[in-house]
Amino acid sequence: MHMSDALLSPAVGITMAAVSIGAIGYSVRKITKKDSNFDEKKIPMMAVMGAFVFAGQMINFTIPGTGSSGHIGGGILLAAILGPFPALLTIASVLLIQCLFFADGGLLAYGCNVFNMGICACLFAYLLIYKPIIKKWGTNKKNIIIAAIISVVLGLQAGAFGVVLETTVSGVAGIPFGVFVALMQPIHLAIGLIEGIVTAAVLCFIQSIRPEILDIPDTADKKASLSLKKVILIFIALTVIIGGGLSVLASKLPDGLEWSVAKANQTEQIADNANNTATVSPSDNTNTANTPESTDNTSTSGIIGSVITVALVGIIGLAIRIFKNKNKKNKKSQVT
């Protein structure tokens, strides 16, 4: 669901960049404030899970009967493990790497992509849906599955609707709102259901081997069967397998956004032909094929991207630790 610069006007792109930067800044403030409950031991997990999501986004899976494909967003997965604010910083880092190194989206579209794939999932869907369900019903596997699927689906629906609104307000692609929304929402419902199942499976796996890693840990008297170090090593191995091996098996079909734009163009072309009106197709000024979802993903790019993600998120994590420790020292000095 990565947007390209070609879908956006500068005004919309800059506005959404300001919104997303504001949310990122707020997240940093929440994590680094002196009374924050962020566990610094999760910093390595931030880096590894960022790489895991990067690799996971390379695997486009086919949506049967549609001619389209999709990939995980990873927002709910990250939030359920790291907490909503560290998760937003992590997914924003993943999107920045994809933008700068893999031409996935663009700088103008970066703010929109952070909002649609990060804020909608990590802040809205997680805080308003996943967390209340788990806190009210409990942290058993059944509730994790229900909460994960519902929150992923609704978060992705919100993100897809955000794409429609941003594209429509921009007015660059010339796609009618009604046509676009009627294509975007159903296809991302299907994608969301698959991502929800994947997210639930990963969270249930973590809950069974190291429940205290989760943002809302299992309150039952359950001892971890694996150390944190071993869990991190498992996800490093999975990242290498997914990004370095399975990525070559990714579907070459257009993703949900590309498919929706193409279908919308066809609909408009049919209508124009019926009215004998000569118009310029939106595809003439909209380029959504300039993304890794529609190009050959190689093992090399998967591994390189994952390594860069680990480095960037690791640096962010270290910066968080420094600022947080500084705030703690300031608090102690004020007390004394």
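These numbers were taken from a predicted model, which means no experiment stands behind them.
Residues Gly178 and Val181 come closest through the heavy atom pair O-CG1, 3.4 Å. Closest approach of Ser151 to Ala147, counting heavy atoms only: OG-O, 2.6 Å. When every heavy atom of Gln185 is checked against every heavy atom of Ala160, the shortest pair comes out as OE1-C, 3.6 Å. The heavy-atom pair separating Ile97 from Gly305 by the smallest distance is CG2-O, 4.4 Å. Looking at every heavy atom in both residues, His188 comes nearest to Gln157 through C-NE2, 3.5 Å. Scanning both residues, Val310 and Ala51, for their nearest heavy atoms gives CG2-CB, 3.5 Å.
No donor-acceptor distance shorter than 3.5 angstrom exists from the side chain of Ser170 to the backbone of Val172, with no hydrogens or angles considered. Of the possible polar contacts, one joining the Lys252 side chain to the Ala250 backbone as a donor-acceptor pair under 3.5 Å is found. Side chain of Thr199 to main chain of Leu77: no donor-acceptor pair is present (N/O by atom type, distance under 3.5 Å, no hydrogens or angles). Of the possible donor and acceptor atoms, one in the side chain of Glu258 sits under 3.5 Å from a partner among the backbone N and O of Asp255. In terms of modelled atom types and a separation under 3.5 Å, the side chain of Ser20 and the main chain of Gly111 share a donor-acceptor contact.
Between Phe38 and Phe85, the ring centre distance reaches or exceeds 6.0 Å.
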Side-chain polar contacts of residues 190-198 - donor-acceptor pairs under 3.5 angstrom, sequence neighbours left out - could you list them?
from: Glu195; atom 1: OE1; to: Gly73; atom 2: N; distance (Å): 3.1
from: Glu195; atom 1: OE2; to: Gly73; atom 2: N; distance (Å): 3.1
from: Glu195; atom 1: OE2; to: Gly74; atom 2: N; distance (Å): 3.0

Legend entry - Pair Leu226-Ile234, side-chain contact (heavy atoms from CB on, under 4.5 Å): steps then yes or no: CA-CA 10 Å; Leu226 290 178; Ile234 287 174; 3.6 Å; yes
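In this model, no donor atom of one side chain and acceptor atom of the other lie less than 3.5 Å apart for Asn140 and Gln207. In this model, a donor atom of one side chain and an acceptor atom of the other lie less than 3.5 Å apart for Gln98 and His2. At a cut-off of 3.5 Å, with distance as the only test, no side-chain donor of Asn60 or Ser251 sits close to an acceptor on the other residue.
Side-chain atoms of Ile129 and Phe124, non-hydrogen and from C-beta on, never get closer than 4.5 Å to each other.
A salt bridge between Lys42 and Glu40 is absent, with no side-chain N of the basic residue lying under 4.0 Å from a carboxylate O of the acidic one.
To the nearest 0.5 Å, the span separating CG on Leu156 from CG on Leu189 amounts to 9.0 Å. The CD1 atom of Ile76 sits 8.5 Å away from atom OH of Tyr130, with the distance rounded to the nearest 0.5 Å. The distance from the CD1 atom of Ile232 to the CE atom of Met49 is 10.5 Å, given to the nearest 0.5 Å. To the nearest 0.5 Å, the span separating CG on Leu165 from CE on Met184 amounts to 10.5 Å. Atoms CZ and CE, on Arg210 and Met45 in that order, are 10.0 Å from each other to the nearest 0.5 Å. Atom-to-atom distance recorded for Met117:CE and Cys122:SG is 10.0 Å, nearest 0.5 angstrom.
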